[in-house]
J.: 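What follows is a single structure, and I will ask about it in a moment.
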Amino acid sequence: MRVWMVMVVFAGLVAVHAGAVSLPAPPYPADPGNELSNGSFEEGEDLAPVAWFFANQHERTTGGWETNGAHGGAQCVRVVGGSGLGYGRWVSANRVVLTPGRAYRLSFWHRGAGGEVYVEGCPGQLDPATGRFTLELARAYKPAPLRTEPSADWRLYRKTFTAPDGPMWVRVCLASSGVRTAWFDDVALVGEGLHVVQPAAPVLVPVGGTAELVVQVEPPPAKEPAWELAPALLRLTGTAAGPTPGSWRLTVAGAEAGFGALELTARVAGAKPLVARRERFVRVYAADTRSFAFAAFTDIHLYRPGANERNVAFGRAADLIGALDPLFVLGLGDQMEISSGASDEQKRLIVAAVREQVGRMAAPVFMVSGNHEVDRTLEGAATRWYHTHALGQPLYHAFEVGPFLFAGFDDIVPGIYGREHSGGLVLPGEEAWLAAVLEAGKARGLFTVLYAHIPVLDGFPEAPDWHRLMRLIYANDVRLMLDGHVHWSAERWVRNPLRAGVPAPPWPKGEACADAAEVVARLRDPGNTVFAETTSGSAFMLKERAYNGIRYVWLRDGGVAWCDTVPISTSITVEAPAADVRVVQVRGGPERALRGLPVRVALPRGTYRATAGGKACDVVSEEVGGETVIWVQADVPAGGAVEIRVARE
C-alpha cells in the first residue's frame, strides 16, 4: 500500500475578522516536516551554525560554515580532510526519537567528494513522571550511510528507511574522510504519516471570522484529499491551491465559541484516513466582543514535572489567570530553566515540565523564545529546537482581535561566539516579516502590542539591528512593548522620537511611569510608546520588587484601560448563589495594593448593578454572545480583601 505523508503548516494570520486583510505570513518552510533544526544552516553567528556541532577524529580534519556557493539560501557546511586517516562530521545537536515501524526520508544536497550521511543512536526511553532515562548502548542503531559520488555541482540524495521496534533516539551525521572536502546543505529527516510540521500560534478567531490553514500532502496525490475538521469550533469554508505541489490553503471559520484542540483529517483515495491533532490550539470567541483582557507571564524557569517549588508557584499564577479569565495568555520567554551544558534528555524533561504546567491554563498560550530556550547543549551547540520542535512553538507570529494587533518575535542571539544574553534580529526572514506586519497594522489603524523576551529599550547592544528594530517600533507607532528577562516589573514611556523630529539615534531611554494609572494615561496618546518589563512568574527575584507575578491588561474602546502586574499571592474566588448573582472575593497579597483591578463576570442577559466592599460602584456592561459581560474595577489593599457582588437590578 502506498504510504502518504500529510503535513500541516499554519502560516500567516492566525486570527482574522470577517472581511479583514490578512497580515503578512512568515516564510514558507523549505522542507516542511523536517525533524531537524536549522537543516539549511542559515541561522547562526560567526563560526558555527545553530543546532549543529562538529566532531573530528583527527585534529587535521576541520569543519566549516560558509557562504561559498550554498545550494539554498546563503549558508552551507563543509568537512575538510587533512590526512589519510582523518575523519570528521557535523552532528545534529538534538536527537530525533524515531517512532517504531515508521518510515523516514533522509535527504540532503552534496557537492565535493567523500561525503556520507547517516543516522545513529540507541533505543531510549524517558519517563517524565520519574525523571528516569534509559539508553540501551548494546543495541546501537546505524543503518547503512548514504554515500555520495564526486561532483563539482550540487546533487540531491535521498533515502527512505523504516525505524526498528522500540523508540530509537538518533542523531544525523554529515561526514567525510581522508584528504577530501565535502559540502552539505538543506538536510532533512522527515517522518512519513500525518503530522503538524510547523505549528504557528494558536487559532484565535471570532464566530463567523475566518483564518487560513496551509496544508501539504506528500507525496502529492493525484486529486485533492477530502478534508474534515473537528471539533465543532471551526468549519471548513473553502480550499485553494497552496504554495508548493501537494499543498492547499484551507479557509476555516469560527463556528461556535469555545477553546480546544484542532483535529484535521485528510481522506486520500485508496489509503487509510490521516489525522493531525493539535492540542490547545483553537479559541473561538463571540463576534460582538468589544472589551477583553489578556495575561502575560515570563521567566517561569520550570525544570521538572511534578511537585516542586517552581511548579507550586506557577500553579498559583495559573489559578490567578484562570480566575481573571483572559481571552488569551502570552508567554514572554524563559519558560524553561537555564540548562547550558545539559544533555538532550535533561532538556526534554524540562520541556515536559513546561507542557504540564502551561497545560493547566484554560486559554490559548502564545509563547516566544527566551535565552533559556536556546542556550547550549552538552556538546556546546546552541539550538532553538526545544522551542520549535519539542514545545511546538513558532519563532514569530501575529494575530489581531478587533482593533488590536499582537505580534511576538524572537530577539535572542544564541551561540557561543556572539551576543549570548543580548537581543538581535538574526533569524532568516524575521526582520522583513516584522516590518511588513507592523506596516500593515499601522496602515489599518490598529493599536499594536509587540512582545519579545529581551527588553528592547536597553537590553540590546549598540548594534545595527537594534537601531533598525527601534526605528521599526517608532515608524509604525507601536503603542505597547512587552518583555521579560530582568525578573522585575517596570514601565517606561517614550515620546515617539520620529514624531518629535529626531529621525536617528541616539534613541531616548524613556521615563519611568509612576503607577498603573500613568501607564494608561501615556498609552492614550498615540504619540507615545510604553515599554513594560514583567516580573518572573515563578522563579527567583531581582531588584526591589521582590514578588512573583503576572501582567494583566484590560482593553476596551480601542485602547488600554488597565495595565499592571498582579502578584501571584493574589487570590480570586467566584460564587454563584443564584443564576443572576455572582460574588467575587479578591484577596490581595502582602506585597502591594492594586488600584482598579478589573474583574470580569459573565451573566444571563439583563441589567445589573454592582458593589465593591459594600459600596455601589460603576460597571462596564456589554451584550456578548447571548450573555451580559460585566467589568467591575476594585481597589484591593495589600494583605486585605474586597468582596464584589454583581446582581440583576
Side-chain angles (χ1 to χ4, degrees), residues 6-17 22-23 25-26 29 32-33 193-216 227-237 248-266 274-286 289 292 294-297 318 321-322 325-331 335 351-352 354-369 386-401 406-408:
V6 175
M7 293 171 287
V8 185
V9 179
F10 301 96
L13 181 63
V14 297
V16 186
H17 283 271
S22 295
L23 294 171
L194 177 62
H195 58 130
V196 177
V197 298
Q198 188 183 352
V203 173
L204 184 63
V205 65
V207 173
T210 60
E212 184 181 82
L213 314 179
V214 182
V215 300
Q216 182 157 335
W227 306 100
E228 296 175 7
L229 273 177
L233 297 177
L234 298 174
R235 58 186 174 85
L236 183 65
T237 61
W248 286 268
R249 299 183 185 275
L250 308 184
T251 303
V252 297
E256 62 181 57
F259 171 55
L262 171 71
E263 188 171 288
L264 176 66
T265 301
L274 304 168
V275 180
R277 185 176 175 85
R278 194 76 163 90
E279 301 294 339
R280 302 175 48 80
F281 203 74
V282 179
R283 175 133 204 188
V284 180
Y285 57 93
T289 296
F292 66 95
F294 70 89
F297 63 81
I321 290 172
D325 192 23
L327 185 63
F328 58 88
V329 181
L330 305 179
Q335 287 80 218
V351 166
V354 175
R355 285 184 172 277
E356 173 191 81
Q357 295 301 310
V358 171
R360 299 171 62 168
M361 286 182 287
V365 180
F366 297 79
M367 287 191 281
V368 294
S369 180
Y386 299 97
H387 180 81
T388 58
H389 289 66
L391 282 174
Q393 297 296 316
L395 289 172
Y396 43 92
H397 57 268
F399 61 98
E400 41 180 314
V401 180
F406 298 86

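Any value given below was found using the heavy atoms of this structure, including those in side chains, with hydrogens, waters and symmetry copies removed.
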J.: Report yes or no: does Q335 contribute a side-chain atom to a donor-acceptor pair with the main-chain N or O of V368 at less than 3.5 Å?
T.: yes
J.: Does H387 reach the main-chain N or O of P394 with its side chain, forming a donor-acceptor pair under 3.5 Å?
T.: yes
J.: Applying side-chain hydrogen bond (donor to acceptor under 3.5 Å, both in side chains), can you list everything that pairs with E279, at least two apart in sequence or on another chain?
T.: R277
J.: Once side chain to side chain contact (heavy atoms under 4.5 Å, CB included) is applied, do any residues pair with F292, and if so which ones, sequence neighbours excluded?
T.: T289, L327, F328, V401, F404, F406, L555
J.: Quick one, R235 with V252, criterion side chain to side chain contact (heavy atoms under 4.5 Å, CB included). Give me CA distance, side-chain angles, the key distance, then yes/no.
T.: CA-CA 5 Å; R235 58 186 174 85; V252 297; over 6 Å; no
J.: Taking salt bridge (charged side-chain N to carboxylate O under 4.0 Å, His left out) as the test, write out the residues that go with E228, two or more places apart.
T.: R267
J.: Listed by chain and number, what are the side chain to side chain contact (heavy atoms under 4.5 Å, CB included) partners of A230, not counting sequence neighbours?
T.: E263
J.: With the side chain counted from C-beta on, respond yes when V203 and V284 share a heavy-atom pair under 4.5 Å apart, and no when they do not.
T.: no
J.: Going by side-chain hydrogen bond (donor to acceptor under 3.5 Å, both in side chains), name the residues that satisfy it together with R249, two or more places apart in sequence or in a different chain.
T.: E212
J.: Pair up each side-chain donor or acceptor in residues 354-365 with any protein partner under 3.5 Å, not counting sequence neighbours, and list the distances.
T.:
residue : atom : partner : partner atom : Å
R355    : NE   : A390    : O            : 3.1
R355    : NH2  : A390    : O            : 2.5
E356    : OE1  : G306    : N            : 3.0
E356    : OE2  : G306    : N            : 3.4
Q357    : OE1  : R360    : NH1          : 3.0

J.: For the backbone of T251 and the side chain of T237, can you confirm whether one donor and one acceptor N or O come within less than 3.5 Å of each other?
T.: yes
J.: Please determine whether side chain to side chain contact (heavy atoms under 4.5 Å, CB included) holds for the pair Y386 and L391, giving the CA-CA distance in whole Å, both sets of side-chain angles, and the decisive distance to 0.1 Å.
T.: CA-CA 6 Å; Y386 299 97; L391 282 174; 6.0 Å; no
